[in-house]
Amino acid sequence: GESASAQLFDLLAVHWGAVKAYDKATFEASKSAKDNSVTLLTENARAIAQFLGNANPHLPEDAVFGLLAAHGAHHVTQIDQIKARQFEKEAETWAAMRKHMLVIADSIAEALAKQFPEKFARS
């Protein structure tokens, strides 16, 4: 419903905010701000996993958290690589991240198809 949609949007906004904060902290060379951003990113991954796990019985919270934690780690790695001017490595990380995002999307789509088989039935 609309309330759940707004809640998910808010959770995703926190994800982006944490990534943005990590980026800023990296380029300002603030270790404590970087650490705080990673903590926020991890806590937010847990909150999103809990939200999705509660919304769909086919999305186990721990499995979703693992997927989202890996996604957050990709962001952190990319930012660190860009800061270090390791552009070839960052391109490899981006390629891996894109593939991993497809795994996340496929996992959610599969869970939705299991939760609502009548909406995803092939004719």
Side-chain angles (χ1 to χ4, degrees):
E2 197 170 311
S3 174
S5 176
Q7 185 180 357
L8 181 58
F9 182 82
D10 290 345
L11 288 167
L12 294 173
V14 171
H15 167 75
W16 177 244
V19 172
K20 187 175 174 184
Y22 185 86
D23 182 64
K24 181 179 180 195
T26 298
F27 285 88
E28 292 176 352
S30 173
K31 179 169 175 15
S32 64
K34 283 174 68 169
D35 291 346
N36 290 340
S37 299
V38 170
T39 297
L40 178 58
L41 196 56
T42 303
E43 290 171 352
N44 176 253
R46 178 61 71 192
I48 293 171
Q50 184 177 37
F51 175 86
L52 293 175
N54 288 336
N56 188 314
H58 305 287
L59 288 170
E61 183 178 333
D62 287 341
V64 175
F65 174 73
L67 290 170
L68 297 176
H71 175 70
H74 280 125
H75 279 300
V76 168
T77 300
Q78 278 186 295
I79 292 165
D80 290 343
Q81 289 168 331
I82 290 169
K83 170 74 171 161
R85 304 185 62 77
Q86 298 172 340
F87 302 118
E88 288 182 22
K89 288 184 179 184
E90 186 280 330
E92 292 171 9
T93 300
W94 172 241
M97 185 178 188
R98 287 184 58 216
K99 287 179 184 177
H100 183 74
M101 287 187 295
L102 294 175
V103 170
I104 294 170
D106 287 347
S107 298
I108 292 171
E110 183 179 323
L112 286 169
K114 286 179 181 177
Q115 187 178 22
F116 303 105
E118 69 284 355
K119 294 186 181 207
F120 292 92
R122 294 184 180 176
S123 45

Checklist entry - Is there a side chain to side chain contact (heavy atoms under 4.5 Å, CB included) between Leu41 and Val14 once you walk through the steps? => result CA-CA 8 Å; Leu41 196 56; Val14 171; over 6 Å; no
Next on the checklist: Can you tell me which residue among His75, His74, Gln78, Gln81 is in a side chain to side chain donor-acceptor pair (under 3.5 Å) with Thr93?
Outcome noted: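 Between Thr93 and the candidates, side chain to side chain donor-acceptor pair (under 3.5 Å) is satisfied uniquely by Gln81.
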Mind checking the [atom1]-[atom2] spacing from [X] to [Y]? Nearest 0.5 Å is all I need.
X	Y	atom1	atom2	value
Thr77	Trp94	OG1	CH2	13.5 Å
Ile79	Asp23	CD1	CG	4.5 Å
Glu88	Glu92	CD	CD	7.5 Å
Ser107	Leu102	OG	CG	10.5 Å

Item to check | Glu2 CD: over 12 foreign heavy atoms closer than 6.0 Å | outcome: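 No, because the 6.0 Å sphere around CD of Glu2 holds 12 heavy atoms or fewer from other groups.
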Checklist entry - Under the 3.5 angstrom rule, does the side chain of Asn44 hit a backbone N or O of Leu11 as a donor-acceptor pair? => result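 Yes, because the side chain of Asn44 sits within donor-acceptor range (under 3.5 Å) of the backbone of Leu11.
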Next on the checklist: Strictly distance-based, threshold 3.5 Å: is any side-chain N or O of Asn54 a donor or acceptor partner for the main-chain N or O of Gln50?
Outcome noted: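 Such a contact is found between Asn54 side chain and Gln50 backbone.
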Next on the checklist: Please give me the minimum heavy-atom distance between Phe116 and Phe120, naming the atom from each residue.
Outcome noted: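 Here Phe116 and Phe120 meet closest at O-CD1, 3.2 Å.
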Checklist entry - Shortest non-hydrogen contact from Ser37 to Tyr22? => result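 Of all heavy-atom pairs spanning Ser37 and Tyr22, the closest is OG-N, 3.4 Å.
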Checklist entry - Excluding sequence neighbours, so at least two apart, what forms salt bridge (charged side-chain N to carboxylate O under 4.0 Å, His left out) with Asp35? => result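 With neighbours one apart ignored, the set is Lys31.
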Item to check | salt bridge (charged side-chain N to carboxylate O under 4.0 Å, His left out) partners for Lys114, two or more places apart | outcome: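 Scan of Lys114 (salt bridge (charged side-chain N to carboxylate O under 4.0 Å, His left out), adjacent residues dropped) gives Glu110.
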With hydrophobic residues grouped by side-chain heavy-atom distances under 4.5 Å, do [X] and [Y] end up in a single group?
X	Y	result
Phe87	Phe27	yes
Ile108	Ile48	yes
Val19	Leu40	no
Val103	Leu112	yes
Leu8	Met101	no

Identify every side-chain donor-acceptor pair in residues 56-69 under 3.5 Å, counting partners at least two apart or on other chains, and give the distances.
from	atom 1	to	atom 2	distance (Å)
Asn56	OD1	His58	N	2.7
Asn56	ND2	Ala111	O	3.1
Asn56	ND2	Gln115	OE1	2.7
Asp62	OD1	Arg46	NH1	3.2

Next on the checklist: Is the shortest side-chain heavy-atom distance between Phe51 and Asp10 below 4.5 Å?
Outcome noted: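 In short, these two side chains do not touch, never coming nearer than 4.5 Å.
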Next on the checklist: If the threshold is 4.0 Å, N to carboxylate O, is there a salt bridge linking Asp80 and Lys34?
Outcome noted: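 A salt bridge links Asp80 with Lys34.
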